[in-house]
Amino acid sequence: MRSIAVIGSLNMDIVNRVEKAPLPGQTIKAIETSYIPGGKGANQAVAAARAGAKAEMIGAVGMDAYGEILLENLRSSGVGTDGVLVKQDISTGLAFITVDGVGENSIIISPGANGVLDAKDIDKAEKFLDEPDLIILQNEIPYPTLAYVLESFAAKGKYIIYNPAPALVPPENIYHMVNLLILNETEAAVLTGVKTESIEEVHSAGKILVEKGCREIIVTLGAKGLFYMSSEGSTMYLQAFKVNVQDTTAAGDTFVGAYAAAIAEGKPLQEALRFASAASALAVTSKGAQTSIPERADVDIFLAEEGR
Ligand code: ADP
């Protein structure tokens with residue numbers, strides 16, 4: 001069994017449920033406010049640990065109550081937190097999420113400590129990066145830090161999974177350092193400049209990404225499933241499981257963490273894809289970010305029931 005390090009963001013999601021989102025200048029009352037641990041990095045670490053992997057989180061929080069709650073939540077999910085720095089004079093990352101009566105949401109991210117994670121912090125956390133064989137990265141830490149991680153750890157032979165979310169166009173020279181790119185349809189469109197509405201268009205986008213230097217790519221397609229392509233020319237399309245959707249928050253993060261856990265324990269490709277699809281299908285059946293990420297036992301039961 002190989003182990004996993006996630007280098008990325010930790011946020012407290014402050015979710016306000018409202019009837020109608022406020023207009024400029026308007027003050028409104030929330031129907032309900034919830035505080036839910038989130039941040040793409042932390043979500044993926046929790047997904048990997050709950051899927052059964054040994055997972056370590058590398059990142060930063062502020063010296064405040066939110067940071068303490070996020071760290072405690074990671075530990076209770078089985079994620080190692082010794083590589084998370086506690087920074088003075090800056091807040092823990094926050095996401096202010098407004099969900100209106102028809103389920104539309106708008107989000108303001110206040111990066112806080114995530115936004116100042118730098119190369120020196122990565123050096124400080126280096127001893128927690130010796131053992132893990134797989135490293136997972138996203139775009140919620142500063143780009144120069146991400147580039148530093150890629151250059152340092154690709155050279156050491158680590159298997160790098162890059163989830164370019166939220167979408168931004170990275171420099172062309174990073175693709176050859178990425179073993180596996182996992183991205184959704186929107187991100188695939190932003191990174192390639194081609195439309196990704198049909199499966200043929202997703203196929204073309206996949207080809208562009210492989211030609212840029214990625215060895216494998218997975219484009220997640222929400223309720224439509226996923227598309228896989230490797231630089232050796234193999235392709236696969238897998239449908240999503242049919243479930244009752246409550247909230248799709250963290251579907252992609254659950255997929256990334258669960259897939260990493262599956263390959264860390266040596267599952268073959270198709271089985272790993274099916275496992276991650278099941279974990280993320282279960283995640284959309286309940287609300288919130290880390291609150292919705294399933295445990296291994298529940299994924300195994302779901303798969304056994306689906307397989308009958
Ligand atoms: P993101 O959250 O990054 O936008 P997606 O929406 O593509 O990611 O979802 C990631 C994966 O989660 C999908 O490939 C699929 O396996 C699963 N998933 C997402 N939405 C649904 C859904 N409505 N029903 C079943 N599975 C889903």
Side-chain angles (χ1 to χ4, degrees), residues 2-10 39-48 53 55-59 83 114 117-119 122 125 129 132-193 196 202 205-221 226-231 250-264 269 272-273 276 280:
R2 298 184 291 168
S3 71
I4 298 169
V6 180
I7 305 180
S9 58
L10 303 92
K40 288 181 184 300
N43 294 347
Q44 294 178 11
V46 166
E56 196 70 39
M57 180 77 212
I58 312 294
N114 301 310
L117 186 79
D118 62 18
I122 302 297
L129 287 160
D133 315 278
L134 279 81
I135 292 183
I136 311 180
L137 297 163
Q138 320 77 24
N139 285 338
E140 283 186 341
I141 57 170
Y143 182 74
T145 314
L146 191 112
Y148 179 75
V149 171
L150 279 170
E151 276 155 26
S152 319
F153 294 99
K156 288 186 180 161
K158 306 271 186 190
Y159 185 93
I160 310 247
I161 300 177
Y162 177 37
N163 170 228
L168 64 82
V169 181
E172 294 290 317
N173 67 355
I174 69 136
Y175 289 100
H176 71 279
M177 293 182 269
V178 175
N179 296 81
L180 169 64
L181 191 72
I182 304 182
L183 69 183
N184 67 18
E185 291 157 291
T186 314
E187 289 141 13
V190 172
L191 266 62
T192 59
T196 53
V202 171
K207 235 171 136 191
I208 295 173
L209 293 166
V210 161
E211 277 161 13
K212 284 178 191 285
C214 296
R215 274 150 267 183
E216 291 179 289
I217 65 142
I218 299 170
V219 184
T220 62
L221 309 169
L226 65 89
F227 175 77
Y228 167 89
M229 182 180 263
S230 79
S231 58
D253 292 337
T254 304
F255 185 94
V256 172
Y259 185 79
I263 57 171
L269 173 68
L273 291 172
S280 49

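Along the sequence shown, residues carry numbers from 1.
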Restricting to non-hydrogen atoms, name the atom on [X] and the atom on [Y] that form the minimum distance, rounded to 0.1 Å.
X    : Y    : result
A48  : I4   : CB-CD1, 4.0 Å
N179 : R215 : ND2-NH1, 3.3 Å
N114 : G8   : OD1-O, 4.3 Å
I182 : P164 : O-CD, 3.4 Å

Please report the interatomic distance [atom1]([X]) to [atom2]([Y]), rounded to the nearest 0.5 Å.
X    : Y    : atom1 : atom2 : answer
L273 : Y228 : CG    : OH    : 7.5 Å
M57  : I136 : CE    : CD1   : 10.0 Å
D133 : S3   : CG    : OG    : 5.5 Å
L168 : E187 : CG    : CD    : 9.5 Å
I58  : L10  : CD1   : CG    : 10.5 Å
T196 : L191 : OG1   : CG    : 11.0 Å

With a 4.5 Å limit on heavy-atom distance, are the side chains of [X] and [Y] in contact?
X    : Y    : answer
V219 : L183 : yes
I7   : L146 : no
T254 : N43  : no
Y259 : S280 : no

So, using side chain to side chain contact (heavy atoms under 4.5 Å, CB included) as the criterion, who are the partners of P144 when residues are at least two apart?
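P142.
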Any donor and acceptor pair, going by atom type alone, linking the side chain of T145 with main-chain N or O of L117 inside 3.5 Å?
yes
Answer yes or no: is there a donor N or O on one side and an acceptor on the other, between the side chain of R2 and the main chain of A261, under 3.5 Å?
no
Under the side chain to side chain donor-acceptor pair (under 3.5 Å) rule, collect the residues that match up with S9, sequence neighbours excluded.
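Result, side chain to side chain donor-acceptor pair (under 3.5 Å) vs S9: E140.
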Sequence neighbours left out, what passes side chain to side chain donor-acceptor pair (under 3.5 Å) with S231? Give chain and number order.
none
Side chains of residues 149-161: which donor-acceptor pairs under 3.5 Å do they make with residues two or more places apart or in other chains?
residue	atom	partner	partner atom	Å
S152	OG	Y148	O	2.6
K156	NZ	E126	OE2	2.8
K158	NZ	L129	O	2.8
K158	NZ	D130	O	2.8
K158	NZ	P132	O	2.7
Y159	OH	E216	OE1	2.9

Those residues that, when tested against E185, pass salt bridge (charged side-chain N to carboxylate O under 4.0 Å, His left out) (two or more places apart):
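Only K224 meet the salt bridge (charged side-chain N to carboxylate O under 4.0 Å, His left out) criterion with E185.
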Per the side chain to side chain donor-acceptor pair (under 3.5 Å) rule, what does the pair list look like for residues 162-172, sequence neighbours excluded?
Q44-N163, N139-Y162, E172-K212
Filter on salt bridge (Lys or Arg N to Asp or Glu O under 4.0 Å), then keep only pairs touching residues 174-183, sequence neighbours left out; what's left?
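Found none.
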For F227, give me all partners under ring-ring contact (aromatic ring centres under 6.0 Å, His included), at least two apart in sequence or on another chain.
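Expected list: H203.
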